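Throughout, a chain's letter reflects where its sequence line sits, starting with A, and its residues are numbered from 1. These figures come from a predicted structure and were not determined experimentally.
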Amino acid sequence: MKRTKAMLLDADYLREERSIIRLFFKTPEGKLILKDPSFEPYFYVTVNIPPEEAAKKLAEREFNGVKIKRIEIVKKKLTPKDEPASTLKLFFNSTKELKDSREEIRAQEFVTHKREYDIPFAKRYLIDRDLEPLSMYEIKYDEEKLELKEIKKIDEKPFELKMAAIDIETYSRGRFADPKRDPIIMVSYVDDEEKIVICTKEIKEKYAVKVSDEKELIDYLVKKIKEKDPDIIITYNGDSFDLPYLKERAKQLGTKFDIGLDGSEPKSVKKGLDKATRIKGRLHVDAYQVLRMLSKFGVINLVKMDLESVSSILLDEEKEKILAEEINDIWDSNKGLERLADYNLKDSEVAYRIVQEYLPLFIELGKLVHYTLFDVSRGSSSQLVEALLMLESFKKDILVPNKPSEEDVKARLMQSYQGGFVYEPLPGLHENIAVLDFTSLHPTIIISHNISPDTVNCEHKECKEKNSSPAKHWFCTKRKGFLPAVVEKLFKERVALKRKLKELKKGTHEYNLLYARQHSLKIILNSFYGTLGYARFRWYSRECASAVTAWSREYVQMVAREAEKAGFTTIYGDTDSAFIKIPPNKTQDDVKKFVERINSILPGVMNLELEGFYKRGIFVTKKTGEQAAKKRYALIDYNDNLKIVGFEYVRRDWAPIAKETQRKVIEAVLKEGKPEKAIEIVKQKIKELREGKTKKEELIIYSQIKKPIEEYESVGPHVAAAKKAIKRGKVIEEGSVVGYIITKCGKTISDKAQLEEYVNEGNYDAEYYIKNQLIPAVIKIIREFGYDEEDLIEGGKQSSLSAFS
DNA sequence: TAATTCGCTAGACCGA
DNA sequence: TCGGTCTAGCGAA
């Protein structure tokens, strides 16, 4: 028996006759793989006959050829409001046997429910054993059998994680690279100590390593990984490209890409439309997936997700792009191999740095929901919330609700509910504005009104009277709900962390750690409300979701009303905010007092916050009509910082020339109060466009291809441009963002649209960019100052007249 | 295997 | 050719 300190890296299970949990550890003596045969697959059933009798009946026979290995009678709550009741816990040799027999077991007459029959085995283990990946443990294990005997969490600083990034280049003429035929010509490997590029050709760079052929190239990489033994392998799109490619090439060449800690090759598993590729014992983090996830959570905002844009925006480092065809040319001509190698190396470096940047966040998120880094870096909001609620359910001996059937999902999708309230703005220029908003509105409503699937419409008359939402559902006030209990715990933890952060020095190790922790809490907290209305969610409850928004509407409207009563003018508000104008006879202090007064009447942990004061702000009318446009406005604070919301300036599907000009116009108007200056700026830009002087990069419009290209009913410019590019042989996958330019050639806008890469400098439709981009972007703003379209176009009328004559 | 609703706008599409 | 309607995308919260 041996004892050691160990950090838990990864968990999976062996799919043999018996399913056996396997844990991957990092210890002071190196890596360690241990089995835990003491844990068996199981699920629960409730029965309507005496449990002993049911157990006996179930033990007697086989179900779809499977004999239940063992049955325990345990006390579990069917739902949070139930009392614990005898429940059968059925154990199996393997997950396969569990799956094979669960339907037939459920079909028994005396079985009333089956529960928790579809929880992935390794995840199940981490829940039941209360294990957090990447935390430190003291373990006791059998050295000979390599079996885990004891594991205890210890409060120690985790070991440093060794990371390595890899990236490949392939040679493929005229088609998307096919690993069955097209070779890998270069591979880069980057870790904290070295950076190399492995290639079969001579490259005159210090970091280059020459190998004799492609097989050796793969073998060299494998050897390097085994020798450096990284805990984390980083790629950019390695889930669907690099890793499966390397594996297939290895197969073609009669070697193995066996970089798993247990000597296995990477394995791809389906994940929605694409796949995730897993390396056993080494945590594969795909930086592309990381960025996608962070975009969804609103942590980052990227227009395009190719490594060049990412590098420039996130790392502030420009990086050259080499197109696929050019790679082929370089390879054939042997000219520019150094450039290609540099490009290859940079790809790995950028991926490495992205992951390095966000690793603390993902580690904390993983610890919070007991997911491995592999899973947490690919998880969705609903998965993370579910994982957390499963943990809580286990701790409280509550059975987890089942996933809904497809019919249920369909029925749920049919029913929508009303969302947040958006105040119709007072259009025009306003001065002296205060913005108030609710801190974590949805989570605090859930907590304060005890909103939970298990508290809705309880039997108490009193609750109905005291705690009914404007949407007419009420929530129990006598027993704390399952969901609010969890949300409150996380919320309070975050408040405490934020308080502590204020005392710490920014940039220190402790600060970064706590910051990542509070950030992970924020992400989860913000996900609860949305998941309540998500049709596939185990804890779905439209009543709860609609109660949250109903109360949100009530509170936000209450603030707007009270502000008016207090002598302010409410000019706008959206979901959780109120924009109020401070009249000359009132001060900023009055606003603060107002906020305090509101807080004194708000229930529970709900809190209205003063977001800030603004010198000026502009709200505009909609494109047509007199009505004010919601969700678009611009503010400037007393330090002259601009805040532009909703306008074309923040949208990727507008050309930079329009966006930049709009920003300048807003700035001129808000900062200096000079609409004349704004007019001049626009005129200047129009002139530039007319003269053909505008640079290509200022004209690119980005848009996403959101579905298979042939499924479009209505072919917009971006789809038309993509179709033309596909004809030329370019591969455009579903989900990719394309950049296009409206050129001079063609009749309709779609005809004129071409992918940016095929357009020469100067080839653009000036009139389009003036009439459909520049003017729409600025007209609504300058109209607020009494100017019109004609003030922008010098001789505009004439030019349009001459077009007819 | 996918968190929600609200809102604005462009440009294709279609019938008169 | 015109104008209304619909598809599509993106952003706010």
Side-chain angles (χ1 to χ4, degrees), chain A residues 269-276 292-293 295-298 301 303 378-386 403 406 409 412-413 416-425 437-438 440-442 523-537 539-542 544-546 548-550 552-553 556 572-577 620-625 627-633 643-654 658 701-707 711-720 735 737-738 742 747-753 768 771-773 776-777 780:
Chain A
V269 287
K270 259 194 209 157
K271 199 117 212 261
L273 294 164
D274 33 35
K275 50 190 169 181
R292 265 190 27 174
M293 197 172 162
S295 301
K296 275 197 179 150
F297 290 147
N301 183 12
V303 171
R378 290 166 181 78
S380 60
S381 306
S382 62
Q383 269 184 316
L384 298 183
V385 172
E386 277 199 356
K403 281 186 191 163
E406 279 310 302
V409 170
R412 290 174 180 186
L413 285 172
S416 190
Y417 62 93
Q418 199 183 341
F421 172 75
V422 190
Y423 194 98
E424 175 150 348
D437 62 15
F438 284 93
S440 304
L441 179 66
H442 294 143
I523 287 175
I524 295 270
L525 278 166
N526 285 340
S527 304
F528 277 97
Y529 152 68
T531 53
L532 276 173
Y534 170 52
R536 290 177 196 276
F537 188 48
W539 284 268
Y540 169 90
S541 168
R542 206 185 81 254
C544 291
S546 77
V548 172
T549 54
S552 85
R553 293 192 297 275
V556 84
Y572 183 58
D574 185 351
T575 309
D576 64 349
S577 64
V620 298
T621 51
K622 284 202 259 191
K623 198 187 175 198
T624 49
Q627 218 182 17
K630 297 168 177 177
K631 298 190 188 280
R632 27 192 74 189
Y633 58 88
K643 187 175 176 189
I644 302 179
V645 179
F647 278 117
E648 286 74 8
Y649 172 68
V650 300
R651 297 179 63 99
R652 70 170 170 204
D653 54 352
W654 281 76
I701 298 163
Y702 290 104
S703 198
Q704 195 182 11
I705 303 292
K706 298 188 84 153
K707 52 184 180 183
E711 279 179 24
Y712 278 89
E713 282 178 49
S714 175
V715 177
H718 71 298
V719 180
V737 175
V738 295
I742 304 303
K747 274 187 82 177
T748 67
I749 295 169
S750 282
D751 287 343
K752 294 179 187 176
Y768 171 83
K771 284 219 164 73
N772 298 32
Q773 292 278 325
K780 286 159 287 187

**OP:** Quick one, give me the B/S/- string for nucleotides 6-11 of chain B, reading 5' to 3', where B means a protein heavy atom under 4.0 Å from the base and S means that only happens at the primed atoms, P, OP1 or OP2.
**Re:** BSSSSS
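Residue contacts for His718(A): at a heavy-atom cut-off of 4.0 Å it reaches the sugar-phosphate backbone alone, with no base atom in range. Among the heavy atoms of the strands, none lies under 4.0 Å from Phe528(A). Residue contacts shown for Arg536(A) include a base, since a base heavy atom lies under 4.0 Å away. Residue-level contact check: Tyr633(A) touches the backbone only, with heavy atoms under 4.0 Å from sugar-phosphate atoms and none from bases. Looking at heavy-atom distances under 4.0 Å, Ser527(A) makes no contact with the nucleic acid at all.
Listed nucleotides dT1(B), dT4(B), dC10(C) differ in distance to Lys706(A); the shortest reach to its side chain belongs to dC10(C).
Between Gln704(A) and dC10(C) there is a side-chain N or O to OP1 or OP2 distance below 4.0 Å. In terms of phosphate contacts, Ser382(A) brings a side-chain nitrogen or oxygen within less than 4.0 Å of OP1 or OP2 of dA3(B). When the side-chain nitrogen and oxygen atoms of Lys271(A) are compared with OP1 and OP2 of dA2(B), none of them lie within a distance under 4.0 Å.
Using the six-membered ring where Trp is involved, Tyr423(A) and Phe421(A) have ring planes that are perpendicular, over 60° apart on the 30 and 60° scheme.
A donor and an acceptor atom, one from each side chain of Thr748(A) and Ser750(A), are nowhere located under 3.5 Å apart.
Following rounding to the nearest Å, Ile742(A) (CD1) and dA12(B) (C1') show an atom-to-atom distance of 13 Å. In this entry the distance linking OH of Tyr540(A) with P of dA2(B) reads 17 Å, nearest Å. Distance CD1 (Ile701(A)) to C1' (dG9(C)): 13 Å, rounded to an integer number of Å. Regarding Gln383(A), its CD atom lies at a distance of 10 Å from the C1' atom of dA2(B), rounded to whole Å. Asp653(A) places its CG atom 6 Å from the C1' atom of dG9(C), with the value rounded to the nearest Å. As rounded to whole Å, 12 Å separates atom C1' of dT1(C) from atom NZ of Lys747(A). Here the C1' atom of nucleotide dC10(C) and the NZ atom of Lys296(A) are 15 Å apart, to the nearest Å.
Applying the side chain to side chain contact (heavy atoms under 4.5 Å, CB included) criterion to Thr575(A), with sequence neighbours excluded, gives His442(A).
Among all heavy-atom pairs drawn from Pro776(A) and Trp654(A), the shortest one is CB-CH2, 4.0 Å.
Between the side chain of Lys271(A) and the backbone N or O of Arg378(A), at least one donor-acceptor pair lies under 3.5 Å.
Straight-line distance between the P atoms of dA13(C) and dA2(B): roughly 27 Å, to the nearest whole Å.
Using a 4.0 Å cut-off between a side-chain N of Lys or Arg and a carboxylate O of Asp or Glu, Asp574(A) and Lys630(A) do not qualify as a salt bridge. Ion pairing between a basic and an acidic side chain is recognised when a charged N comes within 4.0 Å of a carboxylate O; Glu386(A) and Arg536(A) show no such pairing.
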